[in-house]
Amino acid sequence: MRTPFIAGNWKMHKTVNEAEAFLKELLTKDLPSGVDAAICAPFIHLDRLVQATNDKVGIGAENGHFEAQGAFTGEVSIDSLSDLGVDYVIIGHSERREMFNETDESVNKKVLKALEKDVVPIVCCGETLEERENETYIEKITTQIEKAFKDVDAEDAKKIVVAYEPIWAIGTGKSATSEDANKMCQLVRETIEKTFNTEISEAVRIQYGGLVKPENIKEYMSEPHIDGALVGGASLEVESFVALLEGAHNA
Ligand code: PGA
């Protein structure tokens with residue numbers, strides 16, 4: 001059985017002090033058992049969050065560089081994240097692909113580096129509205145997954161978390177139906193199965209992302225191929241984040 005996994009993606013929200021206050025309040029709550037929880041935050045917040053958390057809430061970065069060091073002004077290495085004790089790293093979020101030239105090749109390098117450094121990669125994939133409408137979305141997702149998992153060792157592949165996030169449903173007010181989201185998560189699983197085998201594809205956790213909130217989390221989580229959610233807006237308030245974990249627990 002795959003353990004459900006809810007990860008907040010804070011993007012460029014909250015100051016360091018606000019982030020720490022959020023986490024401290026979150027840790028006073030009675031969090032449901034059997035659901036993994038993580039907060040992914042800006043780099044500069046991570047040290048304080050790692051210090052403040054306990055084993056109930058994992059801490060993740062929103063990006064990381066695959067090189068150990070070098071002349072990459074403004075970047076942060078996955079080596080440094082690992083050194084700090086960060087548990088997860090989001091790789092290839094659509095905002096990074098669209099605004100910061102992230103490619104399938106750089107995503108793959110980051111995945112390999114994260115696995116090497118024991119930081120769990122949360123690999124994002126997703127299609128644009130145009131790709132959805134002109135029906136190239138199946139090829140798009142298949143390619144993104146094949147390239148992200150390239151050269152990954154079979155045992156390591158099981159540790160990867162995939163987040164299927166249709167770009168047309170992120171922060172836009174539109175969300176994919178749970179049936180649609182499930183079909184796409186199934187496609188991700190089948191692509192992993194073809195690349196490796198059934199044992200591995202059944203072990204990989206696949207999240208859905210795009211306007212997930214307390215009101216719809218149960219619906220998504222009831223689908224067989226959706227194992228969790230990567231949540232932006234609805235992860236920014238403690239009550240809402242706890243409600244997401246409870247929804248995942250009760251689905
Ligand atoms: P959203 O963002 O939940 O605000 O739609 C999801 C994401 O970008 O990961």
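It should be emphasised that the depicted structure is a prediction, and the values quoted were computed from it without experimental measurement. Just follow the structure's listing: the first ligand is 1, and inside any ligand the first atom is 1.
- Each of Asn9, Lys11, His93, Glu165, Ala169, Ile170, Gly171, Gly210, Leu211, Leu230, Val231, Gly232, Gly233 has a non-hydrogen atom positioned under 4.0 Å from some atom of ligand 1.
- For an aromatic pair to be called close, the ring centres must be under 6.0 Å apart, and Phe5 with Tyr88 satisfies this.
- Under a 4.0 Å N-O distance rule, the pair Glu179/Lys183 does not qualify as a salt bridge.
- Under the 3.5 Å distance criterion, the side-chain polar atoms of Arg205 are left unmatched by any main-chain donor or acceptor of Ile160.
- Here the side chains of Leu26 and Phe241 are in contact, with some heavy-atom distance below 4.5 Å.
- Under a cut-off of 6.0 angstrom, the local environment of CG in Asn54 is crowded, with over 12 non-hydrogen atoms contributed by other residues, nucleotides or ligands.
- Qualifying side chain to side chain donor-acceptor pair (under 3.5 Å) partners for Thr143, counting only residues two or more places apart in sequence or in other chains: none.
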